[in-house]
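Notes to accompany the following structure.
Quick note: numbers below take in every heavy atom, side chains included, and nothing from hydrogens, waters or symmetry partners.
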Amino acid sequence: MVSPAVALAFLPLLLTLIIRYRFFFVLFYRAILVRIWNDCVTGLSREERAYQYVLTHATPGDPDSILDTFDVWCSKVEFISNIGPKKGKILDRLLMEQSPLTVLELCSHCGYSTVRIARALPLGARLYSVEMDQKNAGIAEKIIRLSGFDDDTVELIVNPSDEVIPRLRTDYGLERLDFVFMDHWKKCYLPDLQMLEGSGLLGKGSMIVADNVLFPGAPKFLRYIRKCGLYEWKVHRATLEYSRGIRDGMAELVYQGIK
């Protein structure tokens, strides 16, 4: 049994750890404990609860209202790892500057980033959004259509990214991708990027934006883009969506082609 004197000796260390990592404790509480409790109480998934909130609080056909309502839910009710409003503004700016006609999104999740991308696209552009989870894809579909975007603007593809990418040319008639947004499993960033390179769909000037490269992090992806010489790149520093004090970043890559 630990004596009181020993316990007191470790108390300053414990307090230091709690203070230093307080934002991570808050994230664990909001993202894990609250989710488990609400799953049990409601019998609904977190994404279904978010959709119900958006459906009853947002204005149909208004993408800005949909996104704002999502942001209220994620910041005040339950945590969902959408890109969020702060990093979302970086994405908005890059889309405006790039003005892409053909966009690939890897991970629709519940449709937040899909709506954010779609509202920034020029007339005649098309977004192909990939989601491997059928339940989440069903919710994303509802959110996308609730926002006012039809099949001509956004096509939702329900399959894993490593199955979709090799078929983009043959099954979807794509010749080039102007813009790619990655926000799926971080371990998939590097193999999917290399698959895109091998597909021939990246042309000079194609932009790839990858979220959460610092937290939870994609170290192999970052090491590769530093060394491969195929990209001009930078990391936009930010904080984790709907959180304080947790550093994160988005990688911006511009494909230069094989030198």
Side-chain angles (χ1 to χ4, degrees), residues 63 67 82-109 112-131 149 153-157 161-162 164-166 168-169 172-186 188-214 217-238 241 248-259:
L67 295 175
N82 301 318
I83 188 174
K86 293 182 180 179
K87 287 187 289 183
K89 289 179 180 178
I90 299 172
L91 179 63
D92 294 345
R93 177 175 57 78
L94 295 175
L95 286 163
M96 292 295 183
E97 291 174 356
Q98 194 78 354
S99 195
L101 292 177
T102 306
V103 179
L104 175 67
E105 177 189 32
L106 300 179
C107 187
S108 312
H109 195 190
Y112 178 95
S113 55
T114 314
V115 171
R116 187 144 209 141
I117 294 169
R119 70 169 185 173
L121 295 181
L123 188 65
R126 189 165 175 79
L127 167 59
Y128 297 85
S129 186
V130 179
E131 173 56 53
F149 299 110
T153 303
V154 180
E155 180 167 352
L156 191 61
I157 304 171
S161 57
D162 61 351
V164 174
I165 292 171
L168 287 173
R169 189 182 293 275
Y172 298 92
L174 299 188
E175 296 296 328
R176 173 190 164 103
L177 289 169
D178 301 315
F179 196 101
V180 179
F181 179 58
M182 293 182 169
D183 197 14
H184 55 327
W185 292 106
K186 312 315 164 194
C188 296
Y189 279 16
L190 177 54
D192 283 355
L193 179 65
Q194 292 174 325
M195 201 177 297
L196 286 168
E197 292 167 359
S199 72
L201 292 172
L202 299 180
K204 186 174 175 60
S206 294
M207 180 175 287
I208 300 97
V209 175
D211 193 18
N212 303 124
V213 295
L214 300 183
K220 291 182 180 179
F221 174 82
L222 291 177
R223 281 198 297 271
Y224 174 76
I225 63 175
R226 287 190 189 106
K227 295 179 179 179
C228 69
L230 298 176
Y231 303 94
E232 290 182 357
W233 66 278
K234 66 177 73 172
V235 173
H236 298 274
R237 302 280 176 164
E241 51 272 12
D248 192 16
M250 294 171 60
E252 172 197 339
L253 291 65
V254 180
Y255 186 67
Q256 302 300 306
I258 299 174
K259 296 180 181 179

(message) Show, in sequence, the C-alpha distance, side-chain angles and deciding distance for Met250 and Val235, and conclude whether the side chain to side chain contact (heavy atoms under 4.5 Å, CB included) test is met.
(response) CA-CA 5 Å; Met250 294 171 60; Val235 173; over 6 Å; no

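- A cation-pi arrangement is absent between Arg116 and Tyr112 under the rule of less than 6.0 angstrom and at most 45 degrees off the ring axis.
- Closest approach of Ser113 to Cys107, counting heavy atoms only: OG-O, 4.1 Å.
- Considering Ile83, Asp92, Leu127 as possible partners of Ile117, the one that fulfils the side chain to side chain contact (heavy atoms under 4.5 Å, CB included) test is Leu127.
- Closest non-hydrogen pair, Leu106 versus Ser161, comes out as CD2-CB, 4.0 Å.
- A donor-acceptor pair under 3.5 Å is absent between the side-chain atoms of Lys87 and the main chain of Pro85, judged by distance alone.
- Atom-to-atom distance recorded for Leu94:CG and Ile208:CD1 is 12.0 Å, nearest 0.5 angstrom.
- One distance of note links CE of Met96 with CG of Leu91; it measures 10.0 Å at 0.5 Å rounding.
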(message) For Leu104 and Leu201: C-alpha separation, side-chain torsions, deciding distance, then whether side chain to side chain contact (heavy atoms under 4.5 Å, CB included) applies.
(response) CA-CA 11 Å; Leu104 175 67; Leu201 292 172; over 6 Å; no

(request) Apply side chain to side chain contact (heavy atoms under 4.5 Å, CB included) to Lys186 and Asn212, showing your working. (result) CA-CA 8 Å; Lys186 312 315 164 194; Asn212 303 124; 3.3 Å; yes

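- Atom-to-atom distance recorded for Asp211:CG and Phe181:CZ is 5.0 Å, nearest 0.5 angstrom.
- Side-chain contact annotation: Tyr224 with Arg226, donor-acceptor N/O pair under 3.5 Å absent.
- A donor-acceptor contact closer than 3.5 angstrom links the side chains of His236 and Glu252.
- Of all heavy-atom pairs between Leu101 and Leu123, the closest is CD2-O, 4.5 Å.
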(request) Walk me through it: do His184 and Val130 pass the test side chain to side chain contact (heavy atoms under 4.5 Å, CB included)? (result) CA-CA 9 Å; His184 55 327; Val130 179; over 6 Å; no

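- A distance-only check finds no donor-acceptor pair linking the side chain of Glu105 to the backbone of Glu131 [under 3.5 Å].
- For Arg169, the CZ atom counts as densely surrounded, since its 6.0 Å shell holds more than 12 non-hydrogen atoms of other residues, nucleotides or ligands.
- Contact of the Ile157 side chain with the Tyr172 side chain is registered, since non-hydrogen atoms from C-beta on lie closer than 4.5 Å.
- Every residue was checked against the salt bridge (charged side-chain N to carboxylate O under 4.0 Å, His left out) condition with Asp162, not counting sequence neighbours, and none meets it.
- Separating the CG atom in Asp248 from the CD atom in Glu241 is a distance of 6.0 Å, to the nearest 0.5 Å.
- Note that NZ of Lys89 and CZ of Arg93 are 12.5 Å apart. Values are rounded to the nearest 0.5 Å.
- Across Tyr231, Trp233, Phe179, a single residue satisfies ring pair (Phe, Tyr, Trp, His ring centres under 6.0 Å) together with Tyr255, and that is Tyr231.
- Between Ser206 and Arg176 the shortest side-chain heavy-atom distance falls below 4.5 Å.
- Smallest separation of non-hydrogen atoms from Ala125 and Leu121: CB-CB, 3.8 Å.
- Asp178 places a side-chain N or O within 3.5 Å of a backbone atom of Thr102 that can act as its donor or acceptor partner.
- Within the 4.5 Å cutoff, no side-chain heavy atoms of Leu95 are placed close to those of Met207.
- The SG atom of Cys188 sits 12.0 Å away from atom CZ of Phe221, with the distance rounded to the nearest 0.5 Å.
- Tested against Leu253, the residues Leu202, Val209, Leu230, Leu193 include a single side chain to side chain contact (heavy atoms under 4.5 Å, CB included) partner, Leu193.
- Taking the side chain as every heavy atom from C-beta outward, Tyr128 and Val164 never approach each other to under 4.5 Å.
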